[in-house]
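Report on the following structure.
By convention here, the first residue in the shown sequence is residue 1. Numbering of ligands and ligand atoms starts at 1, following listing order.
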Amino acid sequence: MSTEHPDRAATLWIDASSGVAGDMLLGALLDAGASLERVQAAVDAVVPGLVRLGVAETRRAGMRALKVDVQPTSEDQPHRSWAEVEQLVLGAELPAPIARRAHAAFAALARAEADVHGVPVEEVHFHEVGAWDSIADVVGVCAALEDLAVTDVVTSVIGVGSGTVQGAHGRMPVPVPAVLGLVTGWTVDAVGDGELATPTGVALLTTLAASQGPLPRMAVSAVGVGAGTRDVPGRANVVRVVLGRLSTPPAPQSGSPTGDLEHTSMVVLEANVDDLDPRVWPSVLDALLAAGAADAWLAPILMKKGRPAHTLSVLCAPDDAERLRDLVLEATSTIGVRGTAVDRWALPRQWVAVDVDGQRIGIKVAHRAGRVVQATPEFADVEAAGGALDRPVGIVLDAAVAAAAAAGLVPGAPLPTASARGLAQR
Ligand SMILES: O=C([S-])c1cc(C(=O)S)c[n+]([C@@H]2O[C@H](COP(=O)(O)O)[C@@H](O)[C@H]2O)c1
Ligand code: NI
């Protein structure tokens, strides 16, 4: 499972206007291209051999969607306390961003349950459906986000439903109490009948998303639709996700030499640091990327009095600068951060997939004025294909480059048409 993807960093918009549950969100992310194998591996890292994930296409009010099937491997599944779940998540061998996001979602769920039932948070036992499928949903969603290199999540209004629902403790009003305990500060809508948003779904949404609003202006790279168990006639009870890169409105282009480059106003935050334990730096960079930085890097420098040190640089959107500045102050030993407004010009990109002996490998195609500038195989896909085919990564990389060239993805070639892309799009 790769944790290094600064140049793949993507924004995810979640359309939860028709409701949200953990399995619906997971289905949508898998539909958008997250690897089921890597999601299963992350779940296995937390609860080894306990649940098996499968996916199947289904229809909801006439709309195609992916439905995740979470099956326990034995009948006898314990109901775990928050303390036990916390230990499982923190003790598992998971990439830090997955563990951090999963822990945050479970902690929110536990706090909401504790408040509703008036018990200390340590005494919370997860829902009647048992902790096992919540663990699969929460860890699975966080692993899928990591697999898709999502650094920034925006959610729509949350459709919560209305009426009542039958629970283990009797009939509960919708939104159920735990959902209401999670939505302070978020906009909800009581569309539809019945329980459209579950506590696990809402805990994930409200801890993963940094903001709420309509689909942002973005260059879209993938779309996914996920279904839960309910099928309500007349309204597709699905979660939709849209993955891509945020783009600011193009500046007036009259006579501009930038042509079709994507121009963005960004901020670079910097700090010179000479007293942080060097072993801490990788987690600082990971945390900044997970928190929405477009890039974060270190450069060795020599400071006053001949002290070896590092400059930490963080490239981010102006809206994220304050939050990331605070994260730098929190996560490093610096006592000050400077910021500079910068322009960024990026070649537009699109994803095309090629096949290497049955393995799909994404090719990132940077283009300009309708022509390919660069076509680069996604390294995480190459590594996964190398593993699946039991071949050295270098050989698979060469094969992916050759497959891309055979598909006409070479510098200077015209961009593939939408129908050609449709054959193999990621
Ligand atoms: O069993 C308990 S304590 C319980 C509490 C609540 C509260 O809102 S409090 C809700 N539920 C219902 O359990 C199912 C499953 O929810 P997931 O989040 O695990 O998918 C759902 O119908 C809840 O409303 C149970
Ligand atoms: Ni409850």
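Note: His103 and Trp82 meet the aromatic proximity criterion, with ring centroids under 6.0 Å apart.
Side-chain contact, Thr200 with Asp137: no donor N or O sits under 3.5 Å from an acceptor N or O. A donor-acceptor contact closer than 3.5 angstrom links the side chains of Thr58 and Arg60.
In terms of N/O distances under 3.5 Å, ligand 1 is not approached by His117.
Salt bridge status for Asp231 with Arg59: absent, with no side-chain N to carboxylate O gap under 4.0 Å.
Rounding to the nearest 0.5 Å gives a distance of 6.0 Å between CG of Leu397 and CZ of Phe379. Here the straight-line distance linking atom CG of Leu26 with atom NZ of Lys67 works out to 10.5 Å at 0.5 Å rounding. Separating the CG atom in Asp147 from the SG atom in Cys142 is a distance of 13.0 Å, to the nearest 0.5 Å. Once rounded to the nearest 0.5 Å, the distance linking CG of Leu269 with SG of Cys316 reads 4.5 Å.
For ligand 1 and Ser134, the ligand atoms under 4.0 Å from any heavy atom of the residue are 19 (O). Close contacts of ligand 1 with Val176, meaning ligand atoms under 4.0 Å from a residue heavy atom, involve 8 (O), 24 (O). Distances below 4.0 Å separate heavy atoms of Val116 from the following atoms of ligand 1: 9 (S). Each of the following atoms of ligand 1 lies closer than 4.0 Å to a heavy atom of Glu195: 21 (C), 22 (O), 23 (C), 24 (O).
Here the shortest heavy-atom distance to atom 8 (O) of ligand 1, taken over Ala178, Ala203, Ala112, belongs to Ala178. Of all the listed residues (Val20, Val202, Leu109, Thr200), Thr200 holds the heavy atom that lies closest to atom 19 (O) of ligand 1.
Put simply, no part of Val165 is less than 4.0 Å from ligand 1, judged by heavy atoms. Taking a 4.0 Å cut-off on heavy atoms, Gly22 fails to register as neighbouring ligand 1. Between Gly167 and ligand 1 there is no heavy-atom distance shorter than 4.0 Å.
Taking the Ni ion (ligand 2) as reference, the nearest N/O/S atom within Glu113 carries the name OE1. The atom of His117 nearest to the Ni ion (ligand 2) is NE2, with the search restricted to N, O or S atoms.
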